[in-house]
Amino acid sequence: MRPVSFYEELLDSNQPLKVLEDLASYRGKDAKIYFVLAEARRMLGHFEKAIELYSKAASYNKLPSGATPEEAEEFLLLKLDLSLAMAKCYRTLGIAQTAYDVASEAFDIAEKQQFLDYAMTALQEMGMALRALGKLEEASSLLNEVLSYYESEKDLPGQAFIYWALGGICRLQGRFKEGVNYFKLSIKLARRAKDEMSEAYGYCGLAGISRIAGDIKGCVDNYVKAEKIFKNTDDIFGKAYTNCGMANGLRQLGKYDEALKRYKRADALYTAINDTVDLGFVKWGKADALKRKNKLAEALSELKEAKELFAASDEIRGQLLTEFSLAQLIYALGDAKQAKEIYDAALERARKEGLYTYMESYT
């Protein structure tokens, strides 16, 4: 069998499918092999399968009796790699509290062992989980701490990621000008680092905030740039993300039929990787396009699906968007009393969470 370093190089060059193909028949007990298999799955957007493989790797990552200091350190480093990778997957699946807990445990270990790089990565994941939970000020504080570290280390990809994350927080807080600048800076840093995937996600972030800020041309143009990068990769999640975002922009332009085609593609891609949270956003967007085409019964069916998908997650914004859309649709269908109850409850929750989702009806 090839050495683990061979598969790590394939992952570094964004070739996860080759890793899976080469290791398709592997049935051994090497924790590091299961780790690279899990990383390949994560890069393809197969987050649940990745978690299974990370867990399998953890079960085989044993500290031998009478271990040398080097063996003990190797054990701990792989343990941290596994925990932090699982935290990313949990967060992306909308299981944000679990993501935070796993990352927090990793931070405690890394801090105790004085593994500074790992401690900063754990703080980054804690910040991202807090962002997903709607605790935006706490998230910003942690992410800015990590940013200072990346700047001191001249870590361009790390800086690009943090600016992308901060841009997303600005979007949620309605600070659009600042958020646009963060996303542009993220893209600039990704280019300097020759990190095409980070650049693509930067375009997606810039496109998303542009749409909410009313710059629909900028939204669509940036999704086109992201799509050009993703189409030559195995990143199913990135392709799904781009199709859904593009559909939102086309919908806001009034191009409902084109938007519905994009939602259909995004639906198939997210379904393929079992990403139920982002599939919820597809259902919500599709419902809005159908509503504007006056297909109210179809729209209601999509929103009910979206509500079920978001209910099993910590995705507060998705839950709120769905509730507001449901209220509007139920009102249009003639039940003003129920619509008002749903709307008032969603508005109260949005204000409690410090989110401005209720202001986004124009989108």
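Just so you know, these numbers use all the heavy atoms, side chains as well, and skip hydrogens, waters and symmetry mates.
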By the definition side chain to side chain donor-acceptor pair (under 3.5 Å), identify the one residue from Lys49, His46, Glu48 that meets it with Asn274. Glu48
Over 60° means perpendicular and under 30° means parallel, so tell me whether Tyr358 and Phe324 are parallel, tilted or perpendicular. tilted
Between Trp284 and Phe281, what is the ring plane arrangement, given parallel below 30°, perpendicular above 60°, and tilted in between? perpendicular
Could you tell me whether Arg192 atom CZ has more than 12 heavy atoms of other residues or ligands within 6.0 Å of it? no
Between the side chains of Glu323 and Gln328, is a donor N or O closer than 3.5 angstrom to an acceptor N or O? no
Cation-pi between Arg171 and Trp164: NZ/CZ under 6.0 Å from ring centre and within 45° of the ring axis? no
Lys18 with Asp234: basic N within carboxylate O range, under 4.0 Å: no
Side-chain donor-acceptor contacts of residues 118-127 below 3.5 Å, not counting sequence neighbours, with atom names and distances?
unit_1	atom_1	unit_2	atom_2	d
Tyr118	OH	Asp81	OD1	3.1
Tyr118	OH	Asp81	OD2	3.3
Thr121	OG1	Asp117	O	3.0
Gln124	OE1	Tyr150	OH	2.7
Glu125	OE1	Arg91	NE	3.2
Glu125	OE1	Arg91	NH2	3.3
Glu125	OE2	Arg91	NH2	3.3

Glu258 bridged to Lys261 by N-O distance under 4.0 Å: no
Of all the heavy-atom pairs spanning Lys239 and Thr233, show the shortest one and how long it is. NZ-O, 2.9 Å
Taking only residues two or more places apart in sequence, or in another chain, which ones meet Glu360 in a side chain to side chain donor-acceptor pair (under 3.5 Å)? Arg317
Can you tell me if Asp101 and Gln97 form a side-chain donor-acceptor pair at under 3.5 Å? yes
If you look at every heavy atom in Gly280 and Phe310, which pair is closest and at what distance? C-CZ, 3.3 Å
Around Glu74, counting heavy atoms of other residues, nucleotides and ligands shown, do more than 12 lie under 6.0 Å from its CD? no
State the CG-CD distance between Leu93 and Glu315, to the nearest 0.5 angstrom. 12.0 Å
To the nearest 0.5 Å, tell me how far Leu20 CG sits from Leu53 CG. 8.5 Å
Any side-chain donor near an acceptor of the partner, Tyr182 and Glu178, under 3.5 Å: yes
Heavy-atom closest pair, residues Lys79 and Asn61: N-ND2, 3.6 Å
Do Asp221 and Lys225 meet the salt-bridge criterion of a basic N to acidic O distance under 4.0 Å? no
Taking atom OH of Tyr60 as the centre, report whether more than 12 heavy atoms of other residues, nucleotides or ligands fall under 6.0 Å from it. yes
If you measure from CD1 on Ile109 to OG on Ser83, what distance do you get to the nearest 0.5 Å? 6.0 Å
Scanning both residues in full, the closest heavy-atom pair of Tyr263 with Asn248 reads OH-OD1, 2.5 Å
Any heavy-atom pair between the side chains of Lys286 and Arg251 that's under 4.5 Å? no
Scan for ring-ring contact (aromatic ring centres under 6.0 Å, His included) pairs involving residues 205-235, sequence neighbours excluded, and state none if there are none. Tyr201-Phe230
Lys/Arg-Asp/Glu bridge criterion (N-O < 4.0 Å) met for Glu341, Lys337: yes
Establish, from distance only, whether the side-chain atoms of Asp278 and Tyr241 form a donor-acceptor pair under 3.5 Å. no
Closest non-hydrogen atoms of Glu71 and Thr68, given as atom of the first, atom of the second and distance, are OE1-N, 2.9 Å
Ile33-Leu77 co-clustered via ILVMFWY side chain contacts under 4.5 Å: no
One thing to verify: whether Arg292 and Asp288 come together as a salt bridge, which I'm taking to mean a side-chain N less than 4.0 angstrom from a carboxylate O. yes
Is it the case that the side chains of Tyr331 and Gln338 hold a donor-acceptor pair, with the cut-off being a distance below 3.5 Å and no angle test? no
Closest heavy-atom pair and its distance - Ile209, Gly179: CD1-CA, 3.6 Å
Taking Arg191's backbone N and O only, do any of them form a donor-acceptor pair with Lys194's side chain (distance below 3.5 Å, no angle check)? no
Could you tell me whether Lys228 and Glu196 make a salt bridge, using a distance below 4.0 angstrom between a side-chain N and a carboxylate O? no
